[in-house]
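Shown next, in structure tokens, is the structure this report addresses.
Lettering of chains follows the sequences in order, A, B, ..., and the numbering in each one begins at 1.
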Amino acid sequence: MYSQQRIRVSETIIGYKKSDGEIVDTQSAPQGCEGCEPIPLGNSPEALEILRHSTAHLMAQAIRELYPDAQFFVGPVVDEGFYYDFRTSEKIGEEDLKKIEKKMKELIKKKIPIEKYTIEKSEAVEKFRNDDLKQAVLRNIPSEEVSIYRQGDFEDLCRGPHVPNTGLLHNFKLTRVAGAYLGGDENAEMLTRVYGIAFADKESLKEHLKMLEEAKRRDHRKLGAELELFMFDEEAGAGLPFWMPKGARLRSKLEQILWCSHRQRGYEPVRGPEILKADMWRTSGHYACYGENMYLTEIDGQEYGLKPMNCIGHILIYKHSGKSYRDLPLKYFEYGVVHRHEKSGVLHGLLRVREFTQDDAHIFCTPEQIKPVVLEVVEFVDAVMKKFGFEYSMEISTKPEKAIGDDAVWETATQALKEALDENGLEYGIDEGGGAFYGPKIDVKITDAIGRKWQCGTVQVDFNLPERFDVEYVDEDNSRKRPVMIHRAILGSFERFIAILTEHYAGEFPFFLAPTQVIFVPIASEHSAYARELSERMLDGGIDSEIYDRNDSLNKRIRQAEKQKVPYVVIVGDEEVKSQSVAVRDRRKKEQYNLSADDFMLQLKKQLEEGKI
RNA sequence: GCUGAUAUAGCUCAGCUGGCUAGAGCACCUGAUUCGUAAUCAGGAGGUCGCGGGUUCGAGUCCCGCUAUCAGCUCCA
């Protein structure tokens with residue numbers, strides 16, 4: 001991804017890779033390392049590991065010089081760079097990062113050697129006796145010996161690896177400052193965390209910073225405002241999205257596409273109420289397990305809860321009439337609006353909200369049907385993901401320690417999930433013990449434009465709710481049996497999915513989803529009638545268009561139209577009216593061409609068809 | 001929820017260490033202009049400076065509380 005550095009730095013060896021993959025630095029192997037692969041300074045994963053870890057230490061050294069009372073916890077390398085957690089009496093803000101960077105650059109110029117020595121753990125405990133954070137680190141180290149790295153006056157307990165001296169650490173950038181719980185424990189003290197990124201060469205750093213800029217440009221919150229898709233209102237409440245006309249058009253198109261694909265796959269639409277008596281939630285277990293996330297209220301002395309999930313509605317509809325084995329598998333689906341009281345700090349545009357709509361379905365089936373049903377759902381997921389060009393990965397989560405149901409059923413269900421994926425030639429990871437208490441599941445994770453992973457689709461096998469609600473069917477031998485319930489969502493939620501779509505396409509939605517698919521720009525006012533005529537034809541064909549015929553210059557209206565990122569901007573003037581044609585600016589092809597109005601309509605209808613799943 | 005930061009017109013932002021009627025660009029309204037592929041000109045209107053307290057002769061500016069947003073942490077579709 002990043003350009004290979006071409007400069008002499010590649011001659012500098014900063015460590016060795018052992019056959020087992022372990023990295024040793026030059027401090028640990030001053031004589032070299034026999035049978036090891038040398039690691040030249042560069043952008044290989046191993047070199048970056050060393051580089052970034054050392055940059056983290058360099059940052060700590062700079063922070064110590066600027067804030068002498070700073071105490072350090074840990075400073076690891078992570079996917080997107082490195083960070084260091086620490087505590088100081090002074091508050092550190094974004095504007096202080098420059099100061100720290102400056103100090104780091106001074107230290108780089110000095111080319112301070114980075115030395116390593118090893119002491120007994122007990123010695124280390126004594127050495128850092130006044131530093132409770134280091135004591136916490138030491139408590140987590142099982143070995144009897146610990147290593148310490150020293151650069152100038154700065155020393156830190158560390159396993160390494162590090163570069164030989166600070167002069168090799170030119171290309172870095174501190175990216176943000178934030179708080180982080182000590183040891184990741186919500187109830188523990190909060191430390192200051194500074195994040196940074198480092199590369200072996202300047203070009204790669206530049207590329208990375210450009211990528212971050214691009215991510216900002218694609219941010220669905222920014223695009224959502226620019227394209228007038230959705231909004232929030234401070235007085236209405238946090239995490240409660242409003243869909244504006246263009247956003248609602250986009251969403252409605254997605255809903256319709258998905259609705260058809262559900263019907264074609266044999267799903268029956270159902271709809272449950274938004275609010276149910278709290279006793280229902282007690283029976284389901286939500287009240288106990290999920291209660292703090294639920295919105296509860298009292299009506300006529302009865303406690304009610306706004307639904308955080310749609311399962312109960314579907315179960316009650318199933319139970320309303322007797323079911324036979326002939327009815328199974330029975331697939332109920334609903335665009336279910338749910339409310340969950342998410343913590344205020346986690347709300348994030350449309351990606352994390354308090355009211356959202358799931359493309360939810362519950363499939364009631366026999367244990368034998370689990371496998372084919374799951375296979376069908378996975379194929380459905382794959383078709384949808386392919387339609388939008390998403391990369392995704394899947395994970396099977398197996399039986400957790402606290403679980404209900406006997407092992408044999410768990411085994412059958414888990415095996416069914418695995419086989420379904422294997423037979424579909426799909427790869428998956430295993431999250432051992434990560435299942436829900438009622439059954440194993442497959443999670444579908446989409447990778448978005450910035451490389452973030454989002455859990456969207458999910459397929460869960462549930463033996464619990466059928467039991468709790470006494471759900472039954474009559475089998476061929478006239479005995480009453482318990483069906484299995486499969487909970488599944490393909491998109492996850494329309495809100496989150498549309499956020500990801502927006503960033504994925506950078507606001508340039510494919511034709512079949514675009515809120516406005518065509519913008520007409522009549523050259524002069526007398527051409528508006530022709531534009532209106534075409535616009536109405538389009539609406540008949542299910543295509544949304546707008547006419548930009550305000551009293552502005554032609555250039556300005558074209559500019560405004562282009563800024564909407566619509567697939568087609570159509571210019572019409574005397575020539576077009578005369579020949580019943582259109583002059584098209586095609587955003588996808590980045591071309592301009594003329595064709596007859598009829599041919600254009602045909603082209604658009606064909607493109608609408610591309611939206612079918 | 002926690003840590004830190006931010007909140008000025010519909011949007012993006014000025015407004016120095018508290019000092020007379022709070023500025024700009026875009027958007028909006030009116031008029032002129034009717035144009036062949038990314039910003040025509042002129043005029044106008046629009047803000048109890050997020051909300052509520054406090055300090056002060058005087059608060060957009062300082063302090064406290066609340067609300068919302070942002071960066072993370074913890075959690076999740």
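- Ranking B/rG36, B/rA77, B/rU74 by closeness to the A/Val353 side chain, first place goes to B/rA77.
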Original post:
Where do A/Ser545 and A/Ser535 land on the side-chain hydrogen bond (donor to acceptor under 3.5 Å, both in side chains) test, with the steps shown first?
Top reply: CA-CA 6 Å; A/Ser545 62; A/Ser535 175; 2.8 Å; yes
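- Under a 4.0 Å N-O distance rule, the pair A/Arg221/A/Glu226 does not qualify as a salt bridge.
- Comparing B/rA5 with B/rC66, their P atoms are spaced 15 Å from each other, to the whole Å.
- OP1 or OP2 of B/rG1 lies within a sub-4.0 Å distance of a side-chain N or O belonging to A/Ser344.
- Between A/Arg588 and A/Glu508, none of the side-chain N atoms (NZ, or NE/NH1/NH2) sits under 4.0 Å from a carboxylate O, so this pair counts as no salt bridge.
- Taking the six-membered ring for Trp and thresholds of 30 and 60 degrees, A/His341 and A/Tyr295 have ring planes more than 60 degrees apart, a perpendicular arrangement.
- A/Asp552 comes within contact range of at least one nucleobase, with a heavy-atom separation under 4.0 Å.
- Stacking annotation: A/Tyr195 is not stacked on the base of B/rG72 (requires ring centroids less than 5.5 angstrom apart and an interplanar angle below 30 degrees).
- Of the candidate nucleotides B/rA77, B/rU37, B/rG1, B/rU37 has the atom nearest to the side chain of A/Gln592.
- Looking at the side chain of A/Arg585, the nearest of the listed nucleotides B/rC2, B/rU37, B/rA77 is B/rU37.
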Give the table of side-chain donor-acceptor pairs shorter than 3.5 Å for residues 518-529 of chain A, with sequence neighbours excluded, one pair per line with atom names and distance.
residue, atom, partner, partner atom, Å
A/His527, ND1, A/Ala524, N, 3.0
A/His527, ND1, A/Ala524, O, 3.4
A/His527, NE2, A/Asp574, N, 3.2
A/His527, NE2, A/Asp574, OD1, 2.8
A/Ser528, OG, A/Ser525, O, 3.3
A/Ser528, OG, A/Asp549, OD2, 3.2

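- For A/Tyr568 and A/Phe600, the distance between ring centers is under 6.0 angstrom.
- Residue A/Leu554 is classed as a sugar-phosphate contact, given heavy-atom separations below 4.0 Å to backbone atoms only.
- For the P atoms, the distance linking B/rA27 with B/rC64 amounts to 41 Å, nearest Å.
- Applying the 3.5 Å distance criterion, the base of B/rA39 shares a donor-acceptor pair with the side chain of A/Arg559.
- Taking atom C1' on both B/rA45 and B/rA9, the two are 11 Å apart, rounded to the nearest angstrom.
- Side chain of A/Ile558, nearest nucleotide from B/rC75, B/rG72, B/rU37: B/rU37.
- For a distance-only test at 3.5 Å, the side chain of A/Arg557 fails to qualify as a donor-acceptor partner of the base of B/rC35.
- With P as the reference atom, B/rG31 and B/rG72 are 49 Å apart, rounded to whole Å.
- Atom CD of A/Glu526 is separated from atom C1' of B/rC35 by 10 Å (rounded to the nearest Å).
- Among the atoms of the strands shown, only primed sugar atoms or phosphate atoms (P, OP1, OP2) are found under 4.0 Å from some heavy atom of A/Arg193.
- Nearest to the side-chain atoms of A/Lys556 among the listed nucleotides B/rA39, B/rC76, B/rC73 stands B/rA39.
- When each of B/rU69, B/rC76, B/rA39 is scored by its nearest atom to the side-chain atoms of A/Glu342, the top-ranked nucleotide is B/rC76.
- Rounded to whole Å, the P atom of B/rU6 lies 24 Å from the corresponding atom of B/rU48.
- On the P atoms, B/rC63 is 11 Å away from B/rG18, given to the nearest whole Å.
- Taking a pair as Watson-Crick or G-U wobble with both distances under 3.5 Å, RNA chain B forms stems of 3 or more consecutive pairs at B:1-7 with B:67-73, B:10-13 with B:23-26, B:28-32 with B:40-44, B:50-54 with B:62-66.
- Note on A/Arg176: every side-chain N or O is 4.0 Å or more away from OP1 and OP2 of B/rC73.
- Of the listed residues (A/Tyr332, A/Tyr335, A/Phe333), just one forms a side chain to side chain contact (heavy atoms under 4.5 Å, CB included) with A/Pro269, and that residue is A/Phe333.
- Toward the 5' end of RNA chain B, the nearer of the two residues A/Asn293 and A/Thr192, judged by each one's closest nucleotide, is A/Thr192.
- With B/rA77, B/rC73, B/rG50 as the choices, the nucleotide that has an atom nearest any side-chain atom of A/Ala180 turns out to be B/rC73.
- Between A/Asp552 and A/Arg550, at least one side-chain N (NZ, or NE/NH1/NH2) sits under 4.0 Å from a carboxylate O, which counts as a salt bridge.
- With A/Tyr548 as the aromatic partner, A/Arg557 does not meet the cation-pi criteria of under 6.0 angstrom to the ring centre and within 45 degrees of the ring axis.
- Closest contact between the side chain of A/Ala583 and the listed nucleotides B/rA77, B/rA39, B/rU37 involves B/rU37.
- The aromatic ring centroids of A/Phe86 and A/Tyr67 lie 6.0 Å or more from each other.
- Between the P atoms of B/rA77 and B/rA38, the separation comes to 47 Å (whole Å).
- Residue A/Glu576 is classed as a base contact, given a heavy-atom separation below 4.0 Å to a base.
- If you check every strand for non-hydrogen atoms under 4.0 Å, A/Ala489 touches nothing.
- Residue A/Glu235 contributes atom CD, which lies 19 Å from atom P of B/rA7 at whole-angstrom precision.
- Contact annotation: A/Gln455 does not reach the phosphate of B/rC76 (side-chain N/O to OP1 or OP2, under 4.0 Å).
- Within the nucleic acid shown, A/Arg340 comes within 4.0 Å of at least one base atom, counting heavy atoms only.
- Straight-line distance between the C1' atoms of B/rU61 and B/rC2: roughly 29 Å, to the nearest whole Å.
- For a distance-only test at 3.5 Å, the side chain of A/Arg550 fails to qualify as a donor-acceptor partner of the base of B/rC28.
- Closest to the side chain of A/Ala178, from the set B/rG1, B/rU67, B/rG72, is B/rG72.
- Along RNA chain B, the nucleotide closest to A/Glu234 and the one closest to A/Ala188 are compared, and the more 5′ of them pairs with A/Ala188.
- Of the candidate nucleotides B/rA77, B/rU37, B/rG36, B/rG36 has the atom nearest to the side chain of A/Asp574.
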